[in-house]
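These notes concern the structure reproduced below.
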Amino acid sequence: MENPFRPSAGATPPEIIGRAGLLDEFAYGLRLGSGAPGLLTIFTGARGIGKTVMLGAAHDLARENGWAVISETATGGFMGRIGESMRQLAEELGNGPQGRKIIGVSAAGFSLTTELPPERQVAWRNLAEELLRLLQSRGTGLVITVDEIHAADRAELAQLAASVQHLIQDRLPIGLVFAGLPAAVSDLLNEGVATFLRRADKIDLHAATVRDVEASFAETFAAAAFNISPALVRQASEATGGYPFLIQLVGYFLWREAEKNQGTLDEDAVGRAIDAAHRRNARTVIEAALSTTSPKDMDFLHAMAKDTGPSSTGDIGQRIGAKTNLVANYRTRLLAAGLIESAGYGKVDFAIPGLRRYLSSKPTD
């Protein structure tokens, strides 16, 4: 057997643990068509929780049902790139046979650095209507997926939301699936023209249970005839914290260790795999997330790392010598960045798996 684990950003693993049923409403919407509530879906959750993987699953499900799919990331000019993809699809369908099955198209080679001007917005909407009527005549529709909306220009997001709302009102078969950090999604849902998205199926992704991870690891390694004790399977499962990206990382490095040791995973091998997984997680997730964090915000995070669980903002203020209003400002910024999350009244906790461990290993100035 080849190594089944896929610890790459957005790569869809062979098994998505703990996500059963999350796309049921979306799948039903694909059957119902225009106006179905499941065709508006928003995934939120911490970094590494599997938002991009769920977007990929929605993308695959739509294609399997014959819908056209345009997948984008919310970097500058994404509305223009979606428009270019729609144009390509419309041209293809206009010349294609009536019964052909639609395939997904990813945009390339067209970008705008700012939001669309008014005249381009009208052209974008007209193009969308043309494409959707072509698709509707074939009993199908269009799904647009947009990842990382926390990094988006809000004017572009508002343009997309307004356009999709108009298309839904015209009973055209359009679906929109977003993914982003919780604070950014909450802000989006409270902003002007995007408020219609409050009716979307908002799915907050959480970590899988250690028990589910343990069962998946045990089954996967047994199928490969690897020799590993139940106690070590549990140790490896607990090291993931139930976070999808760490599940893939730990599984990947366990498999590598087993290949090097004739299918046997002893305590040393499992320890090496866990350490390697956390180092990779630190490089690819944690360090990227911290790259734009201010020194004061880093002081806040280091103060949190002194606790073994959720931290009191009052305790954090005492540790860093900051007044209540400054602590509140740091908290707000770190929540928006997806680095921390609320853990009850007056408490916060780390939102990224492995962040406490990472900070504890780094000396403060």
Side-chain angles (χ1 to χ4, degrees), residues 10 16-62 67 69-74 78 82 141-154 156-169 173-209 242-245 332 335-344 349 351-352:
I16 305 177
I17 301 171
R19 300 291 188 251
L22 292 186
L23 286 173
D24 286 354
E25 282 300 313
F26 178 72
Y28 188 53
L30 292 172
R31 298 210 311 272
L32 288 183
S34 178
L39 291 180
L40 286 177
T41 298
I42 302 175
F43 293 108
T44 71
R47 301 174 194 272
I49 203 67
K51 298 183 295 297
T52 303
V53 168
M54 291 306 298
L55 278 187
H59 176 286
D60 293 345
L61 186 58
W67 283 55
V69 180
I70 297 174
S71 298
E72 262 300 332
T73 300
F78 72 89
I82 291 172
L142 171 69
V143 170
I144 298 172
T145 71
V146 184
D147 200 4
E148 298 187 10
I149 62 169
H150 48 271
D153 179 282
R154 290 305 172 86
E156 278 200 275
L157 280 176
Q159 287 178 359
L160 179 60
S163 297
V164 170
Q165 182 176 19
H166 174 84
L167 297 169
I168 291 172
Q169 289 169 345
I174 181 75
L176 181 61
V177 187
F178 279 157
L181 297 174
V185 169
S186 295
D187 289 346
L188 172 65
L189 297 184
N190 290 324
E191 286 182 0
V193 72
T195 54
F196 96 99
L197 289 174
R198 291 176 185 171
R199 299 194 296 272
D201 189 11
K202 185 167 171 284
I203 300 174
D204 298 312
L205 299 177
H206 299 284
T209 67
Y243 285 86
F245 188 57
T332 299
L335 284 169
L339 291 166
I340 66 173
E341 59 189 5
S342 176
D349 203 353
I352 301 179

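Hydrogens, waters and symmetry mates are skipped; everything else that's a heavy atom, side chains included, is used. Just so you know, residue 1 is the first one in the sequence shown, and it goes up from there.
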Out of curiosity, [X] [atom1] to [Y] [atom2], how far, rounded to the nearest 0.5 Å?
{"X": "W67", "Y": "I174", "atom1": "CH2", "atom2": "CD1", "result": "8.0 Å"}
{"X": "D147", "Y": "M54", "atom1": "CG", "atom2": "CE", "result": "12.5 Å"}
{"X": "I168", "Y": "R199", "atom1": "CD1", "atom2": "CZ", "result": "7.5 Å"}
{"X": "I144", "Y": "F178", "atom1": "CD1", "atom2": "CZ", "result": "9.0 Å"}
{"X": "H59", "Y": "I70", "atom1": "NE2", "atom2": "CD1", "result": "10.0 Å"}

Would you name the heavy atoms of [X] and [Y] that are closest together and state the gap between them?
{"X": "L181", "Y": "A46", "value": "CD2-C, 4.4 Å"}
{"X": "A351", "Y": "G338", "value": "CB-O, 3.5 Å"}
{"X": "K51", "Y": "A179", "value": "CB-CB, 4.0 Å"}
{"X": "A74", "Y": "V146", "value": "CB-CG1, 3.8 Å"}
{"X": "A62", "Y": "L30", "value": "CA-CD1, 3.7 Å"}
{"X": "H206", "Y": "I49", "value": "C-CD1, 3.6 Å"}

### Query
Okay, side chain of E156, backbone of F78: is any donor-acceptor separation there less than 3.5 Å?
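Yes; at least one donor-acceptor contact below 3.5 Å.
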### Query
Checking S163 side chain against L160 main chain: does a donor-acceptor pair fall under 3.5 Å?
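Looks like no, no N/O pair under 3.5 Å.
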So do the side chains of [X] and [Y] get within less than 4.5 Å of each other, counting heavy atoms only?
{"X": "L61", "Y": "V143", "value": "no"}
{"X": "T41", "Y": "E25", "value": "no"}
{"X": "F26", "Y": "L39", "value": "yes"}
{"X": "I203", "Y": "L23", "value": "no"}

### Query
Should L55 and F43 be marked as a side-chain contact (heavy atoms from CB on, under 4.5 Å) after you check the CA-CA gap, both sets of side-chain angles, and the distance that decides it?
CA-CA 8 Å; L55 278 187; F43 293 108; 4.2 Å; yes
### Passing candidate, side-chain contact (heavy atoms from CB on, under 4.5 Å) with L40, options L176, V177, D201
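That would be L176; it is the only one of L176, V177, D201 passing the side-chain contact (heavy atoms from CB on, under 4.5 Å) with L40.
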### Task
Determine whether the side chains of T44 and D204 contain a donor N or O and an acceptor N or O closer than 3.5 Å.
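A donor-acceptor contact under 3.5 Å links the two side chains.
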